[in-house]
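Here the structure is laid out as structure tokens; the discussion comes afterwards.
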Amino acid sequence: MKHSSRSGIASHMPNQKPDGLAPDALKKISRKFIVMSGKGGVGKTSVSVNLAIALANMGYKVGLLDVDIHGPDVPQMLGISGILSVDLDKKMVPMRYGDNLKVVSMEFLTHNKDEAIIWRGPVKHTVIRQFIGEVSWGVLDFLVIDSPPGTGDEPLTVAKLIPDAQAIIVTTPQEVALADIRKSISFCRNVNMGILGIIENMSGFICPHCGKNVDIFGTGGGEKTAKTYGLRFLGRIAFDPDMVTCGDQGVSFQHLHAQSPITDAFIRIAEIMIPKN
């Protein structure tokens, strides 16, 4: 696969290979989830990162795959930088976040973080396929995939490559966001992708002075949509300015605010992701 030198892609990126590598890698991963949203600005990446951290904190081996090719924010939120290396088997080696979390993102293949990546669908399909089949993920309990907003090339590629992936759909309470998640639900049903459920993010604002929850975006819309479509409502996550600060600084909110109701919410949702024996 050739890339323009202006794209900033690392020169050691593995060459294109058959799709057969992806199924072999996926056999070593027990559970796969793609975090989706119908529109941008609903905190989808924050949800992806914090669910992965919650599962890793429980002792599970977790992979976090950022397939937002044009706006990869996962590395920033985790405070990770650098370029992926290649092992002796010519597979990319994921970045590490603690002992239990492996991370792969487009940003780990670019030398110039400010350079725009201008790719069409077939090239993005190839890269996502490589992120699955040509990465040394090893044995994982969970793979959490952070997808860009909407129902375009990236989630469609994931649906084709990972037929047993389940969707976690993130929304905010207001109606304009709910209209878009209905499209995400339709997408999943059209491509036969299972849906674990819906998360209502930014569901209220925790006042830093009094600690009360103020419904600045409304509340209950995500739960209502879940009931309408016969889906599981996974929970509400309030908006907290500390969450924004932690994301900007690349530090774990759950580590610094272990007693927060938001941390509890992520843990409860992560527990739903764990298969019941």
Report yes or no: does Q130 contribute a side-chain atom to a donor-acceptor pair with the main-chain N or O of V135 at less than 3.5 Å?
no
Do K90 and E134 pass the salt bridge (charged side-chain N to carboxylate O under 4.0 Å, His left out) test, and can you show the C-alpha distance, the side-chain angles, and the key distance before you say yes or no?
CA-CA 8 Å; K90 297 184 178 180; E134 297 184 43; over 6 Å; no
For the CE atom of M77 and the CD atom of Q249, what is their distance to the nearest 0.5 Å?
13.0 Å
So I195 and I185, do their side chains get closer than 4.5 Å, heavy atoms only?
yes
Say whether L78 and L256 are linked into one hydrophobic cluster, either directly or through other cluster members, by side-chain heavy-atom distances under 4.5 angstrom.
no
Non-hydrogen side-chain atoms of V47 and I199 separated by less than 4.5 Å
yes
Test your reading of the model: is there a side-chain donor-acceptor pair from K276 to the backbone of I274, 3.5 Å cut-off?
yes
Shortest non-hydrogen separation from V67 to E154 and the atoms involved:
O-CG, 3.2 Å
To the closest 0.5 Å, what do you measure between OG (S184) and CD1 (I168)?
13.0 Å
Correct closest heavy-atom pair for K44 and M36 would be CD-C, 3.8 Å
For F131, is there any backbone N or O sitting under 3.5 Å from a side-chain donor or acceptor partner on W137?
yes
Are V49 and I267 co-members of a hydrophobic cluster defined by side-chain heavy atoms under 4.5 Å apart?
yes
Quick check against the 3.5 Å criterion: does T225 have a side-chain atom that pairs as donor or acceptor with the backbone of G221?
yes
Between R129 and L161 (side chain of the first, backbone of the second, donor and acceptor by atom type, cut-off under 3.5 Å), is there such a pair?
no
Check step by step if side-chain contact (heavy atoms from CB on, under 4.5 Å) holds for V74 and D68.
CA-CA 9 Å; V74 166; D68 192 338; over 6 Å; no
Check step by step if side-chain contact (heavy atoms from CB on, under 4.5 Å) holds for C246 and H257.
CA-CA 10 Å; C246 288; H257 304 279; 4.3 Å; yes
Side-chain donor or acceptor of T263 paired with backbone N/O of Q259 under 3.5 Å
no
Does the side chain of T171 come within less than 4.5 Å of N201's, by heavy atoms?
no
Hey, what do you get for CG (D66) to CG (D73), rounding to the nearest 0.5 Å?
7.5 Å
With the 4.5 Å side-chain cut-off for hydrophobic clustering, are L196 and F233 part of the same group?
no
At what distance, to the nearest 0.5 angstrom, does CD of Q254 lie from CG of D264?
9.5 Å
Taking all non-hydrogen atoms of both residues, which atom of V42 and which atom of S37 are closest, and how far apart?
CG2-CB, 3.5 Å
Do I53 and I272 belong together in a cluster built from hydrophobic side chains that touch within less than 4.5 Å?
yes
Which of R31, K32, K27 passes salt bridge (Lys or Arg N to Asp or Glu O under 4.0 Å) with D164? Answer is K32
What pair of heavy atoms forms the shortest contact from M193 to A167, and how long is it?
SD-CB, 3.8 Å
Evaluate the criterion side-chain contact (heavy atoms from CB on, under 4.5 Å) for residue pair I237 and I269; output intermediate values, then yes/no.
CA-CA 10 Å; I237 301 170; I269 296 170; 4.1 Å; yes
Check: D99 main-chain N/O paired with R96 side-chain donor or acceptor under 3.5 Å:
yes
May I ask you to test the L64-L51 pair for a side-chain heavy-atom distance under 4.5 Å?
no
Quick one: pull up SG in C188 and CG in L231 and give me the separation to the nearest 0.5 Å.
9.0 Å
Value for OG (S147) from CG (L65), rounded to nearest 0.5 Å, stands at 10.0 Å
Do you know which two heavy atoms are closest between G150 and P155, and how far apart they sit?
O-CG, 3.8 Å
Looking at side-chain heavy atoms only, is the closest gap between V62 and K102 below 4.5 Å?
no
So do D141 and L55 actually touch side chain to side chain, heavy atoms under 4.5 Å?
no
Any donor and acceptor pair, going by atom type alone, linking the side chain of S252 with main-chain N or O of H255 inside 3.5 Å?
yes
Minimum heavy-atom distance N100-Y60, with the two atoms named:
CB-O, 3.2 Å
Is the shortest side-chain heavy-atom distance between V103 and F108 below 4.5 Å?
yes
Do M92 and S136 pass the side-chain contact (heavy atoms from CB on, under 4.5 Å) test, and can you show the C-alpha distance, the side-chain angles, and the key distance before you say yes or no?
CA-CA 6 Å; M92 291 177 279; S136 183; over 6 Å; no
Side chain to side chain, D242 and F253, heavy atoms closer than 4.5 Å:
yes
Out of V93, D87, L88, which residue meets the side-chain contact (heavy atoms from CB on, under 4.5 Å) rule with K91?
D87
